[in-house]
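As a basis for the values below, the full set of heavy atoms in this structure was taken, side chains included, without hydrogen atoms, waters or symmetry mates. Naming convention: chains lettered A, B, ... in sequence-line order (proteins, then strands); numbering from 1 in each chain.
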There are 2 protein chains.
Amino acid sequence: MTAAAVPALVERAREGDARSVGRLVSLVEDESPLLPELTRALVPHTGHARIVGLTGAPGVGKSTSTNALIGELRRRGDRVAVLAVDPSSPFSGGALLGDRIRMGDHVLDPGVFIRSMAARGHLGGLAWTTPQVLRVLDAVGFDVILLETVGVGQSEVEVAGQADSTVVLLAPGMGDGIQAAKAGILEIGDVYVVNKADREGADRVARDLRSMLGLAERREGAWQPPVLKTAASTGTGVADVVDALAEHAAWLRESGGLHARRVRRAREEIETLALTELRRRWGTVGESDRLAELAEAVVAGETDPYAAAETLL
Amino acid sequence: MTAAAVPALVERAREGDARSVGRLVSLVEDESPLLPELTRALVPHTGHARIVGLTGAPGVGKSTSTNALIGELRRRGDRVAVLAVDPSSPFSGGALLGDRIRMGDHVLDPGVFIRSMAARGHLGGLAWTTPQVLRVLDAVGFDVILLETVGVGQSEVEVAGQADSTVVLLAPGMGDGIQAAKAGILEIGDVYVVNKADREGADRVARDLRSMLGLAERREGAWQPPVLKTAASTGTGVADVVDALAEHAAWLRESGGLHARRVRRAREEIETLALTELRRRWGTVGESDRLAELAEAVVAGETDPYAAAETLL
């Protein structure tokens, strides 16, 4: 593929051709040299999609919830893309295949696009790939992008930082109260959902969560995250989640929070791209290797890491 | 504290003064401006300690195993430092306090030093802090440094990369076989330990693990990771683990693997220090802010992230 072919591929993707969308995403995943070209072609079409992060520990019913959310959003006329990211899987690219199959209700719907990504690639990992894939999905015309991550570790928090609104899923019977406090999910959720609400203990999880959220200090005019209950397998409560997300989106626009989040994300992306380019020049990505000599010198005791870093700069 | 006081503090730490060791570690954690000075003072004394990574999911008995390993290493005359790192905890600095208390058998032993770290700090996070703390512990004369991490996510794999030898702990009844394959632990362990060997299912976990490790392709002359069984709470099997670690250390020296690992770690550290310095200059760490204008321009659609990254460079 040549640089000249990029605008036409973007055009076909914007007309709704799923295969072209898939090819654009693959250009990002394959770290194509055409990405600067592609980015220029996409940028004028971006800024429309709402990016909704969806996170929660394994077993809370994330795939079922995604499936149910897609259904509700489609009923309201939204085109929906799902980007499922697994940062805990540095070695494998296929861990989420099962999820894609479970979200199969919508496989034949042309208004739905589903893609899984693992933390592969030579460049900056998911911090490098995720914003670029989100830009593709935004530019080709999806109204809502569901960004699904596994768990709530440090990498997941970084991925969640790419979303406009973040839904944190919990379920009864998983010791979630303590886990929640420990892993910092009280600081990342805009909407909390206790799934499997038909099971024993769901009310207690919701109550504990509300009281923990109530204890957190919030600035005046800040968003107060609601705690909702769903049974995603039957669809109960899912419309309320979509309503809460619409309210959060309106609040983000009115409060100036949306602009602030976008500026922060642009900063992070510029920085990631610049650092990746530098690492390429230094030789930790790609072929040259100016770092190797310095590292040998450090191990030999001829210099120290701080002095070597200064030499490199 | 002044730069002139650094060598004397290093000297006291090397004479075995635990408070001085603690102060040196704090200089790293507090991102002291004296770190280049300190690094120069430490480097001539490094290269002696064996760094042993210890990782495993919550519940496998990591603290009990650490405690038992300390005991066995002390019986053999080694001075032992423990650095317990929790990368999954970006928001809190105190998550590991409980572990320190559980390792309390050795709190009064001057040949043992125990320290916990969470992923706090403004600079490069654990990738920035961990190698510098390891250098302190090496230089002040510990023979073995146990680097304990929680779980096996991407951040944990990075921390494990700081070790010369990595022990992966498992336990029966945790669905570990599948988890192991998924999270890539088959690629990071030098010694596998099935703890709680007195419980039902331990033999099956060990057998499954051996067969999965047997399936992995290894180059000729490569290290074949042993699968051992322990009951850390009674000490059963712990001496075998220490023997296996000694064998791995000997193999590393003879095969040239030790030098290769040290060069790789030096590369990574130089790169991390250089990138952190650049981020400081760009304004994502510290006070100035050249990135802010570029990010606003990207959000306004006046430029794109690739072009902005080039401008920054």
Honestly, the part of B:Gln132 sitting under 4.5 Å from a heavy atom of chain A is side chain
What residue in B:Thr39, B:Thr46, B:Val43 has the most heavy-atom pairs under 4.5 Å with chain A?
B:Thr39
If you tally heavy-atom pairs under 4.5 Å between each of A:Ala266, A:Ala274, A:Ala308 and chain B, the highest tally belongs to A:Ala274
Applying a strict 4.5 Å limit to non-hydrogen atoms, the region of A:Leu312 in contact with chain B is side chain
Is chain A contacted by the side chain of B:Leu42, its backbone, both, or neither, given a heavy-atom distance below 4.5 Å?
neither
In Å, rounded to the nearest 0.5 Å, how long is the span from CD of B:Glu310 to CD1 of A:Ile270?
12.0 Å
Give, for atom CG of B:Leu35 and atom CG of A:Asp304, the distance between the pair rounded to the nearest 0.5 Å.
11.0 Å
Select one option (side chain, backbone, both, neither) describing which atoms of B:Arg135 are under 4.5 Å from chain A's heavy atoms.
side chain
What heavy-atom pair brings A:Leu313 and B:Glu277 nearest, and what distance separates the two atoms?
CD1-CG, 3.5 Å
Applying a criterion of heavy atom separation less than 4.5 Å, what residues of residues 253-264 of chain B form contacts with chain A?
B:His259, B:Arg262, B:Val263
Heavy atoms under 4.5 Å from chain A: which residues of residues 292-300 of chain B carry them?
B:Ala292, B:Leu294, B:Ala295, B:Glu296, B:Val298, B:Val299
So how far is it from B:Leu275 CG to A:Thr276 OG1, rounded to the nearest 0.5 Å?
9.0 Å
